Number of protein chains: 2
Amino acid sequence: MLSQTEENYLKALFYLTSENADKSEAGTNELAATLNVKPATANDMLKKLKEKKLVNYERYGKISLTNSGKKQAIDIVRKHRLWETFLYEKLEFTWDEVHEVAEQLEHIHSPKLIEKLEKFLNYPEFDPHGDAIPNAKGELKVQARKTLSEMAVGKTCKLIAVKDNSASFLQYVMKVGLGLSSKIKVISRQDFDGTLEIEVNGKKSVVSQKFADNLFVV
Amino acid sequence: MLSQTEENYLKALFYLTSENADKSEAGTNELAATLNVKPATANDMLKKLKEKKLVNYERYGKISLTNSGKKQAIDIVRKHRLWETFLYEKLEFTWDEVHEVAEQLEHIHSPKLIEKLEKFLNYPEFDPHGDAIPNAKGELKVQARKTLSEMAVGKTCKLIAVKDNSASFLQYVMKVGLGLSSKIKVISRQDFDGTLEIEVNGKKSVVSQKFADNLFVV
DNA sequence: ATATTTTGTTAGGTTAATCTAACTTTATAT
DNA sequence: ATATAAAGTTAGATTAACCTAACAAAATAT
Ligand SMILES: [Mn+2]
Ligand SMILES: [Mn+2]
Ligand SMILES: [Mn+2]
Ligand SMILES: [Mn+2]
């Protein structure tokens with residue numbers, strides 16, 4: 001059985017090499033930064049994970065998950081997102097509070113618990129941030145989506161997911177009047193730096209490109 | 001913040017020195033046995049817990065929890081029993097399955113989670129094994145109770161709690177037709193070894209004294 | 001009162017996960 | 001093509017939690 005630490009490495013690698021991250025291989029420094037450890041630490045762990053056949057890795061080479069590693073990573077993501085959904089739907093947590101607690105809950109080992117939890121939540125397909133929840137087989141719904149920053153001026157779109165899960169970002173999103181399913185109209189865009197003027201529920205706001213890069217819409 | 005290991009030592013000491021255990025101090029070997037570690041290991045940890053002012057301990061002396069240690073131990077017990085109740089009430093776990101998973105869940109750190117969970121469960125006072133759940137202040141309902149082995153022949157009583165929480169014991173209890181609130185009539189007792197003949201829902205069974213010692217009745 | 005058993009402690013090691021400091025390899029820029 | 005910078009690795013330490021083996025103290029039994 002994997003330790004919590006090993007699980008965190010697999011999950012980090014999964015995110016660093018997922019579609020979302022537009023590349024399929026990661027580096028030691030990048031991985032270390034994600035996990036808030038020093039590169040030397042990540043390097044040690046990579047050797048261990050390679051030994052366990054969970055990552056593809058050669059000295060000075062790029063890193064990727066093996067099929068086995070990916071399967072395990074997806075299972076952790078599944079648990080994380082089911083717990084977030086539980087906290088949000090059943091315990092009245094707000095969407096900026098769920099992530100931190102789910103970081104702990106995702107490491108509970110009990111297949112039965114997850115099966116039962118999923119059933120209790122009525123087999124949800126998306127978590128409170130709009131991210132797809134993998135099913136027991138590791139399959140997840142892929143939605144066509146673009147970032148708000150890619151939307152044409154004058155168009156209206158619907159918020160379906162957020163990329164950043166940090167409490168500070170999510171609180172900012174709420175402050176602008178946004179939540180999942182909100183309708184957003186793009187009023188104008190500054191060519192200089194991509195700053196957008198948007199309208200949500202009749203309320204206008206000016207937001208940075210960085211902000212818009214972190215919102216997924218259809 | 002306490003590590004999972006430290007929490008487990010506090011919890012073990014709490015049980016070893018509670019009313020239930022008819023003594024208020026514990027020994028190193030006893031503690032080590034409870035936690036499935038060697039006495040040398042427990043000894044190291046005792047020094048650490050003393051340093052943190054969580055236990056009263058002197059070389060070759062008896063061990064007890066300080067007020068601070070006891071408060072923390074009760075909080076872990078509270079979490080454990082709330083999670084057991086959640087698993088039993090909401091996720092359809094059976095009473096022999098809940099303990100093992102709760103052993104993991106009790107170490108999740110989030111005061112808000114526990115508050116919300118308690119509210120979601122409607123402030124339960126007893127867990128699936130009939131054990132009292134401490135409230136947020138650490139107070140718990142104390143019920144007058146005796147063990148089935150202490151009951152007089154001919155009397156009928158009600159099962160309100162089980163002492164042993166192991167799956168094997170609980171499955172045995174179910175096999176005899178018992179659950180919380182079951183009515184039990186004591187038909188006869190062997191003076192030689194305390195073996196009892198009991199009747200539950202019209203069904204007669206013969207059980208050992210050890211078995212009867214682990215059932216609390218009123 | 002002394003011998004034996006039980007209980008508790010110490011010394012010295014191991015493993016997982018982390019670190020710093022020094023080093024090597026690969027990538028980038030002139 | 002070489003120098004510099006960035007990325008990655010290694011060696012050697014540290015800490016928490018565990019171990020075994022040897023020893024010391026306390027409890028008990030004769
Ligand atoms: Mn999350
Ligand atoms: Mn999420
Ligand atoms: Mn339990
Ligand atoms: Mn219980």
Side-chain angles (χ1 to χ4, degrees), chain A residues 1-13 15-17 21-65 69 72-73 76 103-104 106-107 109, chain B residues 1-13 15-17 21-65 69 72-73 76 103-104 106-107 109:
Chain A
M1 206 171 47
L2 298 176
S3 69
Q4 291 204 183
T5 306
E6 290 170 322
E7 291 189 342
N8 284 334
Y9 277 84
L10 293 185
K11 187 163 59 109
L13 282 171
Y15 284 124
L16 287 172
T17 61
D22 57 87
K23 60 190 162 61
S24 65
E25 293 178 309
T28 305
N29 287 1
E30 190 184 22
L31 176 61
T34 305
L35 292 162
N36 287 114
V37 296
K38 301 296 164 188
T41 306
N43 185 264
D44 281 350
M45 183 58 87
L46 284 169
K47 288 177 194 160
K48 193 166 105 183
L49 294 175
K50 179 195 165 78
E51 200 53 48
K52 293 190 173 189
K53 299 211 193 315
L54 296 166
V55 301
N56 300 120
Y57 164 71
E58 296 302 333
R59 219 153 149 275
Y60 293 106
K62 287 296 174 187
I63 310 155
S64 62
L65 290 169
Q72 308 226 37
I76 300 157
E103 287 289 307
Q104 295 180 60
E106 72 190 2
H107 301 293
H109 291 293
Chain B
M1 206 172 47
L2 298 176
S3 68
Q4 290 203 185
T5 306
E6 290 169 324
E7 290 189 344
N8 283 334
Y9 276 85
L10 293 184
K11 187 163 58 109
L13 281 170
Y15 283 125
L16 288 172
T17 62
D22 57 87
K23 64 189 159 63
S24 64
E25 293 178 308
T28 305
N29 287 0
E30 192 184 22
L31 176 61
T34 305
L35 292 162
N36 285 115
V37 296
K38 301 296 163 185
T41 305
N43 185 265
D44 282 351
M45 182 59 88
L46 283 169
K47 289 176 193 161
K48 192 166 104 184
L49 294 175
K50 179 196 166 80
E51 200 54 46
K52 293 190 173 190
K53 302 212 192 313
L54 296 166
V55 301
N56 300 120
Y57 164 71
E58 296 301 333
R59 220 155 148 272
Y60 293 106
K62 286 296 173 187
I63 310 156
S64 63
L65 290 170
Q72 308 226 38
I76 300 157
E103 287 288 307
Q104 296 180 61
E106 72 190 2
H107 300 294
H109 292 291

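Here the structure is a predicted model, which means the values were calculated and not measured. Lettering of chains follows the sequences in order, A, B, ..., and the numbering in each one begins at 1. We use all heavy atoms of the structure for the numbers below, so side chains are in, but hydrogens, waters and symmetry mates are not.
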Can you tell me how far P of C:dT9 sits from CD of B:E58, to the nearest Å?
10 Å
Please report the distance, rounded to the nearest Å, between CE in A:M1 and P in C:dA16.
14 Å
Verify the contact: side-chain N or O of B:T28 to OP1 or OP2 of C:dT9, cut-off strictly under 4.0 Å; return yes or no.
yes
Rounded to whole Å, the OH-P distance (A:Y57 to C:dT25) equals 13 Å
Looking at B:K11 and B:E103, is any side-chain nitrogen of the basic one under 4.0 Å from a carboxylate oxygen of the acidic one?
yes
Nucleotide of C:dG8, C:dT18, D:dA7 approaching A:T5 most closely (side-chain heavy atoms):
C:dT18
Taking atom NZ as the centre, does A:K38 end up with more than 12 heavy-atom neighbours from other residues, nucleotides or ligands that are less than 6.0 angstrom away?
no
May I ask you to verify if any side-chain N or O of A:N43 is less than 4.0 angstrom from the OP1 or OP2 atom of D:dG8?
no
Give a yes or no answer on whether the side chain of A:T17 reaches the backbone of A:L13 with a donor-acceptor pair at less than 3.5 Å.
yes
Less than 3.5 Å apart, any donor N or O on the side chain of A:Q4 or A:H107 sitting next to an acceptor on the other?
no
Got a donor-acceptor contact below 3.5 angstrom from the B:E6 side chain to the B:L49 backbone?
no
OP1 or OP2 of C:dT18 less than 4.0 angstrom from a side-chain nitrogen or oxygen of A:Y9, does that happen here?
yes
C:dT18 C1' sits how many Å from A:L35 CG, rounded?
13 Å
Whole-Å distance, B:K50 NZ to C:dG8 P, equals 16 Å
Without decimals, in angstroms, what is the distance between A:E6 CD and C:dT18 P?
10 Å
Salt bridge check, A:E30 against A:K62: does any charged N sit closer than 4.0 Å to a carboxylate O?
no
A:N29 side-chain N/O to D:dG8 phosphate OP1/OP2 under 4.0 Å
yes
Would you mind reading off the distance between A:M45 atom CE and C:dT15 atom P, rounded to a whole angstrom?
16 Å
Do A:N56 and A:S64 have a side chain donor and acceptor closer than 3.5 Å?
yes
I'd like to compare against my own output: the B/S/- annotation of nucleotides 19-29 of chain D with a strict under-4.0 Å heavy-atom distance to protein.
BB----S----
Just how far, in rounded Å, is C1' of C:dG8 from NZ of B:K47?
10 Å
